[in-house]
Amino acid sequence: MRIQGTKKTLAAGALAAMLAVAPAYGQEITIAIGSEPTTLDPQVRDDGGERAVNDNIYETLMARTANGELVPSLAEGPPTQVGGTTWEFKLRDGVKFHNGESFNADAVVFSVERIINPEFNSEQGSFFSTITGAAKVDDLTVRIETDGPDPILPTRMYWMKMVPPGQAADPGFADAPVGTGPYKFAGWNRGNDIVLEVNEGYWGDAPQVQKVTYRFIEESGTRLAGLLAGELDVITNLLPEFVGQVPQSANISGLELPIVILSSLGGSTADVRVRQALNYAVDKDALAESLFEGFAEVAEGQLLAPSFFGFNSDVQAYPYDPDKARALLDEAGAAGTEVELVGTSGRWLKDRELVEAVGAFWSDIGLNVNVRIFEFDEYLNRLFDRDTRADAIFVVSSNELLDADRPFSAYYHKGGIGASNEDDALAGLIDQARSETDVAKRSALYQQAVQIAYDQAYFLWLLNIEDIYGMSERMAWQPRVDAKLLVKEMRVDG
Amino acid sequence: MVDAPSDHSVASPDDIGGRPHELFSAARGLGKELWQDKPGFIGLLLLVALVLVAIFAPLIAPHDPAAQSLRERLLPPAWVLDGSWVHPLGTDNLGRDVLSRIMFGARVSLLVGTGVVVVAGGFGVFMGLLAGYFGGRTDSFIMRWVDTQVAFPGLLLALIILAVVGPSMTTVIVVLALNGWMVYARITRGVVLSVREEPYVEAAELVGCKPARVLYRHVLPNLTSPLLTLAILEFARIILAEAALSFLGLGVQPPATSWGLDVATGKEYMFRAWWLVTFPGLAIGIVVLAINLLASWARVTSDPQEREKRFARFMARRQAGAGTREAIAK
C-alpha cells in the first residue's frame with residue numbers, strides 16, 4: 001500500500017511538473033550555428049557564429065526590415081546630413097543597456113571611437129573605413145564624421161553594434177556581453193552552448209520566445225540529424241538535397257553571388273566577343289534548377305541581387321545559346337584556344353561543382369579549358385595576384401551591406417583587389433558614386449556601371465544562391481534577406 | 001629467398017641464368033604454382049582485368065567521363081527504380097556517367113598507387129639497405145633524416161611543392177613518395193640488421209663478395225615478405241591520400257578524376273545518392289583485395305620455410321585423401 005501511495009504521489013508530482021513546464025517549454029528554442037564564437041565582444045571579430053548570437057543581444061543605430069529596407073533602430077529617425085562629411089543621428093530616448101546603463105550620445109561616441117581605433121584592430125574595420133570620429137551634440141544627438149562625402153554611412157551604421165561604455169572596459173566583457181537588445185546573456189557553457197533570456201525591459205515589442213540556446217555544430221549532417229531528432233529548432237545552411245527530409249524549411253534569396261571574373265587584360269579572354277561567348281555558353285537555368293535544385297536564382301548579369309542598392313532591372317542574364325557562343329568564338333578566331341579557369345574547393349556551397357560545370361560548358365563550345373582547383377590559400381594568391389591575372393577566376397561575393405559599393409570597388413573597379421579590367425569609364429562611375437550623396441543620382445551611376453560591365457562581359461554572372469533554413473514543426477519564422485537570425489521575429493506554436 | 005651455402009641439389013636463384021629456355025621454364029613453374037593457389041590466381045585475374053580496363057578505357061567506356069548533363073544528375077543505377085541502362089551505374093552530381101568515370105579513374109588511381117609504391121619503395125629500401133648494412137655514421141645520418149621527415153607535416157610539404165611546380169599527377173606521385181619512403185627505410189634497416197649477422201652473409205663477405213653483391217644477392221631476398229605486406233598496405237593508403245590531395249586541389253585537376261576523388265566528392269551526397277561513393281569505393285576495395293590475394297601467394301612462394309610448410313600441408317592432405325578413398329573402397 002505504501003509503495004502504491006508513493007507511486008501516486010510521484011505520478012501527481014510529475015504531472016504537476018509537466019503542467020508547470022509545458023507552457024514555458026513552448027517558448028524555449030534551440031538554434032544550431034556552424035561555429036562557436038571565439039569572443040562575444042561584438043566589435044572584435046568578423047565571424048558568423050559571433051554575429052548569430054550578438055545580433056540578438058546588441059543593437060545598431062540603423063536596422064533592416066526582413067526585406068532589407070533600412071530603418072532606424074536605436075536612432076529615432078533617419079539621419080540627416082549636416083555639411084558634406086557629417087551625419088547627425090537623433091537617438092531613441094529611454095533605452096537602457098541590460099546592466100542599467102543608459103544608452104545615449106556618450107555610448108555612441110564610445111562605440112564609434114572604440115571600433116575605429118587602429119590599436120583596437122577590429123576585423124570589421126573595413127566596414128567603417130570612412131569614419132574618422134564621432135562627437136556628442138547633446139545627450140540624444142550625435143554627429144559622425146567621415147573623411148569625405150559618404151552616402152552609405154547610414155548603411156554602415158547598420159553594421160556597428162552599440163556597446164555600453166561602463167561595461168566595455170571590463171576584462172570580462174568579451175565573455176559576458178551587455179547590450180540593449182531584446183535578449184540578454186544568460187550563460188556560456190564553453191564548447192557546448194550559449195543561452196540567452198528575454199530582456200524584460202526591452203524598449204521595442206516584447207518577443208514571444210523566452211529563452212534561446214545556441215549549439216555549435218560544424219558538420220551539416222549532424223545539424224540535420226539534430227533537427228530530425230527534435231533536439232534543434234532552427235538550423236542554417238541546409239543543403240538543397242535535404243530540403244525534402246526536414247519537417248519545415250524556409251528559403252530566401254541570400255547575400256552570396258558566385259561569379260567568374262574574366263580577364264580583359266590579356267590571354268584569349270582579352271577579346272570582348274570571347275567573353276560574351278563564355279557567358280552565352282553556360283546554361284545558368286540548369287545550374288539553378290538542377291545543381292541547386294531550384295534554391296538559387298539566375299543572376300541578372302550583375303554582381304547584385306534585386307534587393308541590393310544599385311540593381312539595374314533593365315539588365316538581364318545572358319541567355320543560354322551555345323550556337324551563338326560558337327559563332328562569336330569563330331568570329332574572334334578563338335575556337336580551340338586555351339582558357340585557364342581557377343577555382344577552389346570546400347569554401348563555398350558547391351564551389352567545386354560550379355567550377356567543374358562551367359568548365360564543361362566551356363569545353364562544349366570548343367574551348368580548351370584548363371580547370372585549376374587550388375587549395376584555398378593558394379587560390380587566394382591567384383585571386384589577388386595583381387601582376388598576372390588568370391583568364392577566368394571563380395569567386396563568391398557576399399554582400400553584407402546590400403549595397404553596390406563594396407563588391408563594385410573590389411571587382412568592377414580597375415584598382416579593385418579582384419578586378420581583371422582596366423576600364424577607366426567604369427572606375428570613374430564607381431568613384432563618383434562613392435561620394436555622391438543624392439540617392440537617385442547614386443543609383444543611376446551604379447546602373448550605368450552595371451550596363452558597361454554587362455556589355456563588356458567582364459564577368460560570367462552565375463547565380464544568386466538562396467539561404468535555406470531547416471526548422472522544427474512548431475516554428476513559425478520568415479528568414480530575412482540579410483541572413484540575420486533575429487529571435488525576436490521567431491514564434492513558437494505550442 | 002634465403003640463400004643457403006651453395007649446394008647443387010637445391011635450386012637457387014643463381015641457377016636461373018639468362019638463357020631463354022631456362023627463363024621460360026622458371027616462369028612456367030611459377031605459373032603452375034600460382035594455378036594451384038586458387039585465391040592468388042583469382043587475384044591475378046582481377047588485377048589483369050582492371051589494368052586492361054584502365055588501358056582500354058577510351059574504347060570500352062559507354063560515355064565521355066567529362067560529359068555533363070545537369071538535367072540528368074543523380075540518376076540511380078539501372079536496376080533501381082528510375083534507373084536506365086543508358087547509365088548502368090547511374091550518374092553523379094553533375095550528371096556524368098559513373099561507370100565511365102570509374103573506368104577512367106582507374107588510370108589515375110592505379111598509376112598513382114603503383115608509381116608511389118615503386119618510387120617510395122625503391123628509394124626507401126635503398127636507403128634502408130645502406131643504413132642497415134654500413135651502420136655507423138651512414139646509419140645515423142639516414143635514420144636522423146628519416147626521423148626529421150617523419151616529424152615534418154606532409155600537407156605543408158605538399159603545399160610547398162605545389163607552389164613551385166603546380167598540381168599534376170606527377171606532382172602527386174612525387175609528393176606522396178616523399179611522404180612515404182621513410183617507413184620502407186625503417187623496416188628494411190631492421191631486417192638488414194638481423195640478417196647481417198647470419199653466417200651465410202659473413203661467408204659471402206669472406207669469399208670476397210662486394211657489398212653491392214652481398215646486399216643484392218644475400219640480404220635483399222630476405223626482405224621480400226615484409227616488404228610485400230607493407231607495399232600492399234601502403235597501396236590502399238595511397239589511393240585515399242591521393243583523393244585527399246586532389247580534393248584540396250593539390251592533385252589531379254578536373255575533368256580528370258580518380259576513384260578516391262570520386263569518393264571524396266560523392267561523400268556529400270551519401271544520403272541521397274549512395275552510388276556515388278559505393279562504386280568507386282568498391283573499385284578500390286577490389287584492387288586492394290586482388291593485390292592482397294596475389295601478394296599472399298607471392299609471400300609464401302618467396303619464403304623457403306613457408307614453402308616447406310605449404311608442401312607439407314599439401315602432402316598431408318593428399319595422404320588423408322588417399323586414406324579416405326581407401327576407406328571408402330573397403
Side-chain angles (χ1 to χ4, degrees), chain A residues 219-221 224-225 228 239-246 282-294 296 320 340-347 349-364 368-382 390 394, chain B residues 63-75 91-97 101 154-168 171-172 175 243-258 261-262 264-274 276-277:
Chain A
E219 217 265 318
S220 66
L224 181 68
L228 293 179
L239 287 179
E241 280 77 13
F242 297 127
V243 165
Q245 298 183 19
V246 298
V282 177
D283 187 350
K284 283 143 275 188
D285 287 308
L287 289 175
E289 279 159 33
S290 297
L291 188 57
F292 283 85
E293 315 231 333
Y320 174 50
E340 187 188 19
L341 171 60
V342 170
T344 187
S345 177
R347 180 71 184 185
L349 182 64
K350 293 180 190 272
D351 46 7
R352 184 191 184 98
E353 290 163 66
L354 269 177
V355 172
E356 283 194 45
V358 166
F361 277 124
W362 287 355
S363 300
D364 283 348
N368 175 14
V369 186
N370 179 11
V371 178
R372 311 283 300 269
I373 304 276
F374 289 107
E375 187 274 333
F376 190 64
D377 286 328
E378 183 62 23
Y379 160 80
L380 284 184
N381 289 342
R382 311 275 162 151
F394 172 86
Chain B
H63 297 271
D64 177 354
Q68 73 179 11
S69 165
L70 289 173
R71 313 261 177 203
E72 293 184 335
R73 70 195 284 263
L74 302 179
L75 288 182
T91 57
D92 74 355
N93 49 344
L94 293 177
R96 299 171 296 199
D97 186 55
R101 286 179 76 73
L155 191 63
L156 193 64
L157 186 74
L159 278 176
I160 294 167
I161 295 180
L162 166 91
V164 181
V165 199
S168 74
T171 325
V172 171
V175 166
L245 284 184
S246 292
F247 192 69
L248 279 176
L250 306 178
V252 289
Q253 291 291 342
T257 189
S258 71
L261 186 55
D262 276 348
T265 24
K267 219 167 50 188
E268 247 176 70
Y269 293 92
M270 203 148 60
F271 295 113
R272 169 77 185 277
W274 52 269
L276 295 194
V277 269

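Residue contact with chain B, scored on non-hydrogen atoms closer than 4.5 Å, involves the backbone and the side chain of Leu287(A) alike. Neither the backbone nor the side chain of Tyr379(A) comes within less than 4.5 Å of any heavy atom of chain B.
Side-chain atoms of Arg352(A) and Pro254(B), non-hydrogen and from C-beta on, do get closer than 4.5 Å to each other. Residues Asp283(A) and Phe361(A) meet the side-chain proximity criterion, which asks for heavy atoms closer than 4.5 Å.
With Val355(A) as reference, Val371(A) is the one residue of Val371(A), Thr344(A), Val342(A) to meet the side chain to side chain contact (heavy atoms under 4.5 Å, CB included) rule.
The residues Glu378(A) and Arg372(A) are annotated as not salt-bridged, no charged nitrogen and carboxylate oxygen being separated by less than 4.0 angstrom.
Per-residue heavy-atom pair counts under 4.5 Å with chain B were compared for Ser345(A), Ala286(A), Ala360(A), Gly244(A), and the maximum is reached by Ala286(A). With chain A as the partner, the residue from Glu72(B), Arg272(B), Met270(B), Arg73(B) showing the most heavy-atom pairs under 4.5 Å is Arg73(B).
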